[in-house]
Amino acid sequence: MRVPLSWLREYVDLPAGETGRDVQAKLVAAGLEVETVEQLGAGLKGPLVVGQVLAIEELEGFKKPIRYCQVDVGQANGTGERQNIVCGARNFAVGDKVVVVLPGAELPGGFAISARKTYGKTSEGMICSASELGMSDDHDGIIVLPPEYEVGTDAIELLQLVDEVLDIAVTPDRGYCLSMRGVARETATAYELPLSDPALLDVPAPNSHGYPVKVADPVGCDRFTARTVTGLDPEARSPIWLQRRLQKAGMRPVSLAVDVTNYVMLEIGQPLHAYDRSRITGAIGVRRAQPGEKLTTLDGTKRVLDAEDLVITDESGPIGLAGVMGGANTEIADVNETAGTTAVVIEAAHFAPVSVARTARRHKLSSEASRRFERGVDPEATSAAAQRTVDLLVLLAGGTAEVGVTEIIAPSAPHTITLPADHPDKVAGVPYGRETVVRRLQQIGCDVYGADDLTVTVPSWRPDLTDPNDLAEEVIRLEGYENLPSTLPQPPAGRGLTERQRLHRRVGRALAGAGYVEALNYPFLGEEVLDQFGLAADDPRRDLVRLVNPLSDTEPALRTTLLPGLLGALRRNVGRGEHDLALFETGLVFRAIGDEPPAAILPVDRRPTDEQIAGLNAALPHQPRRVAVVLAGDREQAGWWGKGTPVSWADAVEAGRVVAREAGAELIVRQDQQDPWHPGRCAALLAVVDGQEILVGNAGELHPRVTKALGLPERTCAMEIELDRLEQAGAGRVEAPHVSTFPVATQDVALVVDASVPAAEVETALREGAGELLESLRLFDVFTGEQLGEGRKSLAYALRFRAPDRTLTAEEIAASRDAAVSAAADRTGATLRGA
């Protein structure tokens, strides 16, 4: 909403020295979002005067028509002689009154005017267009003034070129501020000044002589006022003051009748429509459209109407979309048409906000009227707005107001709210007191009664006030948000992160320390990526939770695995030139249980009961927390030190071990076959929970079919593990290890086993056999060859022994080593290589 300060002063007697910036600060403090204060006419300097064209000489021989004009500017040039001006516009004639800027003046934008020679003539100034004066973007021609203005009159004051305009971003709950009346009320309250309400008019009582109106849908239209003005001068044009106010407010002048309805809408906030009475047949009606009905709106578009559209009709059918836009068949005739409009029927109605909003969106047709109806228009203002329109048409177009007044009103009662007098105090934490609460509510137009419990009648122009908290907000904002004390909440002692949250953070820090970069992705996916993964039809990851209103039609479901999002991030980074990548993500996945009850709609006016919250939780899908990593390219880059090391399935498995260590769990690694991994390079990650081995995740290299379908680099690896299950298998909080000051003893053993025996099984046996003196165990070599025999392999391990309280003897070290080898022999059939 653009609010000219000069117009605003008509309704609020602001101090003489108050600037637009001062008003902006007051309105912002009151809760309005004033985005800018535009300085109209900044840099404009006279002389800028009214002139009359006395003679025109057409100059020939140039690429475009040029005219050499003699203009009378009175005594503005100091001599009273004719002013010679070169002009290229052709929309004026001899005798017309125009706006002339004389040498020595300066136009907006720093454009200085001086006498100069052009097209072989000396031009002593310039005849101005609206765009050159900053009035509008109209470049079609110069300004032609009405003949009644005297030559030499100051055009700066006449055209109201110097002003300040406040640009207010009106939020949906403040629809009343889409009018000068609403902004003036806020300004008057902010300055503690009286308001001159433009809607306080003497309105004649309705009678049976008005234009006939039939409202078939009183829910969609609860008020309809119709007035008729006849005897209009079809040649009458909008006066300059009216045109300038429309232009400053951001609207384009069209014709007198249309300009008057727009002016009253901006002034009072009530959208209006004027029909050419000669183009209406029969009574005006308000009803829902019939399916298939058509209407050509004022923008020239032929529209097929929906059965939910509220329309204005006459005997010929629809003549307008109620609250949105009128029809072309009853449009006010332009002044240039042969038969101008001499009689109009004025419509001032109140339409249901939801109905108007849906119609405007259905037809993709937003208008100034629909913007106001959607946000709520004062239903009590229809009669005043119609009367104001009638008065202006009679004054400016010489019309006559007919005595007939049509007014249809659906029965309704004012909205009342019961409010404890101390409720705003409790909401804000500030002791306002009853007197302050009552005074502030009365300032916004409420009627207030009662002592401890107040009965508040909400004004008709504030449909957004529906409950006690709305009234408390009004009191708080008018008292000043800046006056609210800044207090920090006192958190209760002893509440910190849960164990689940601590594990989540530890895992993130550990993976970041291992060289992975966290990549957060949207939790949505489509079935296409599951097909690209090659998942079987009965795979649990295909049991999707679908969204009712998805952000994207291609991803209508919640993710059941973290890998699609991570692999998409990896693909985007590869496409942007990054080839060595290690990404991780922790987050929830969503698994449909299948027997979830429908979710209930919870109340918003009170805290839900424990049973309601439990019912809502029961309607949710299973949401386990997972962590996943993806890798591509080189783990170690090549350089002068040697070749690079590409990532492999082993790196993905090691990422799983990093996560398990943070959970304090022992990870068991076994060969597995699971989509989307390569069947020969896939590991199952298991952990022991309550004595049972359970699958917690998978790791390995992705199947070549998957990498090709997703456009990923070859040998891309991935790991995904379920943190909740891993937490169950863990020992709780991980304690820092004890650092012994005694020396370590290292023993290497090479064991020969069948090729089918997993290295992890041999490692487990060695750990159990070595006992407490074993500090660490590492596999450093795997060998196969003819000397071992077919189907055999050699696994070489480095065993580190250390005691926390003494230096180990050779006998203790040998005994522990032999016990480890013996345990491996018993469980896996291992033999010492070379024995």
Side-chain angles (χ1 to χ4, degrees), residues 427 466-467 469 489-508 518-527 529-530 535 538-553 555-566 584-628 659-660 662-665 685 687 689-690 692 694-698 720-733:
V427 173
T466 60
D467 56 62
N469 284 333
Q490 297 294 327
R495 293 187 181 181
L497 298 177
T498 65
E499 286 299 325
R500 190 180 192 220
Q501 292 169 328
R502 290 194 182 97
L503 174 60
H504 187 190
R505 296 192 179 190
R506 287 202 307 269
V507 167
E518 187 172 16
L520 300 178
N521 300 285
Y522 289 115
F524 312 119
L525 59 75
E527 288 193 67
V529 71
L530 302 181
L535 301 186
D538 59 347
D539 193 296
R541 286 169 289 182
R542 285 190 177 271
D543 296 333
L544 302 177
V545 178
R546 300 185 182 277
L547 300 171
V548 175
N549 188 21
L551 293 180
S552 171
D553 293 337
E555 295 179 329
L558 294 172
R559 66 189 178 192
T560 55
T561 168
L562 299 180
L563 291 182
L566 267 181
F584 83 93
E585 181 179 11
T586 57
L588 301 178
V589 298
F590 306 85
R591 298 287 180 86
I593 301 173
D595 57 352
E596 299 94 341
I601 298 177
L602 300 183
V604 297
D605 58 341
R606 60 187 182 278
R607 184 188 183 280
T609 64
D610 293 340
E611 292 76 12
Q612 289 174 323
I613 295 175
L616 194 64
N617 289 331
L620 298 176
H622 182 48
Q623 302 176 53
R625 186 176 298 274
R626 292 194 155 220
V627 57
V659 174
E662 295 303 318
L685 308 179
V689 177
D690 297 332
Q692 298 284 333
I694 62 170
L695 180 69
V696 295
N698 288 94
E720 185 172 18
I721 198 168
E722 190 166 315
L723 275 179
D724 293 339
R725 290 185 178 180
L726 205 58
E727 184 180 11
Q728 295 174 6
R733 190 174 303 176

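Just so it is clear, the model here is predicted, and its values are computed rather than measured.
Here R542 pairs with D531 under the salt bridge (Lys or Arg N to Asp or Glu O under 4.0 Å) rule; sequence neighbours left out. For R725, the salt bridge (Lys or Arg N to Asp or Glu O under 4.0 Å) partners at least two apart in sequence or on another chain are E722. Residues meeting the salt bridge (Lys or Arg N to Asp or Glu O under 4.0 Å) test with R559, sequence neighbours left out: E585. Residues passing the side-chain hydrogen bond (donor to acceptor under 3.5 Å, both in side chains) test with E527, sequence neighbours excluded: R546. Partners of R541 under the side-chain hydrogen bond (donor to acceptor under 3.5 Å, both in side chains) rule, at least two apart in sequence or in another chain, are D539, Q674. Looking at residues two or more places apart in sequence or on another chain, you find no salt bridge (Lys or Arg N to Asp or Glu O under 4.0 Å) involving D543.
Nearest heavy atoms, L503 versus L723: CD2-O, 4.1 Å. In terms of heavy-atom proximity, P550 sits nearest to P556 at CB-CA, 3.7 Å. The two atoms that bring P598 and A619 nearest to each other are C-CB, 4.2 Å, heavy atoms only. What you find for Q501 and G496 is that their closest heavy atoms are OE1-O, 4.3 Å. The two residues P621 and V545 come nearest to each other via the heavy atoms CB-CG2, 3.7 Å. Contact between L602 and P608 at its shortest, heavy atoms only, is CD1-CG, 3.9 Å.
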For this session: Begin with the C-alpha distance, continue with both residues' side-chain angles, and end with the deciding distance and a verdict on side-chain contact (heavy atoms from CB on, under 4.5 Å) for L525 and L544.
Result: CA-CA 9 Å; L525 59 75; L544 302 177; 3.9 Å; yes
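Residue D553 places its CG atom among 12 or fewer non-hydrogen atoms of other residues, nucleotides or ligands, all under 6.0 Å distant. Crowding of Q692 atom CD: a count of heavy atoms from other residues, nucleotides or ligands under 6.0 Å not exceeding 12. Atom CD1 of I601 sits in a sparse spot, with 12 or fewer heavy atoms from other residues, nucleotides or ligands closer than 6.0 Å. Summarising the local packing, CZ of R500 is surrounded by more than 12 heavy atoms from other residues, nucleotides or ligands at distances under 6.0 Å.
The line from CG of L562 to CD1 of I721 is 12.0 Å long, rounded to the nearest 0.5 Å. Considering CD of E727 and NE2 of H504, their distance stands at 12.0 Å, rounded to 0.5 Å. Rounding to the nearest 0.5 angstrom, the gap separating the CG atom in L566 from the CG atom in N521 is 5.5 Å.
By the 4.5 Å heavy-atom criterion applied to side chains, T586 and E518 are counted as neighbours. Side-chain contact between F590 and T560 is absent, with no heavy-atom pair separated by less than 4.5 Å. Residues L685 and L726 fail the side-chain proximity criterion, which asks for heavy atoms closer than 4.5 Å.
The backbone N or O of E662 lies less than 3.5 Å from a partner atom in the side chain of R506, making a donor-acceptor pair.
E720 and R626 are joined by a salt bridge, as a carboxylate oxygen and a charged side-chain nitrogen come within less than 4.0 angstrom of each other.
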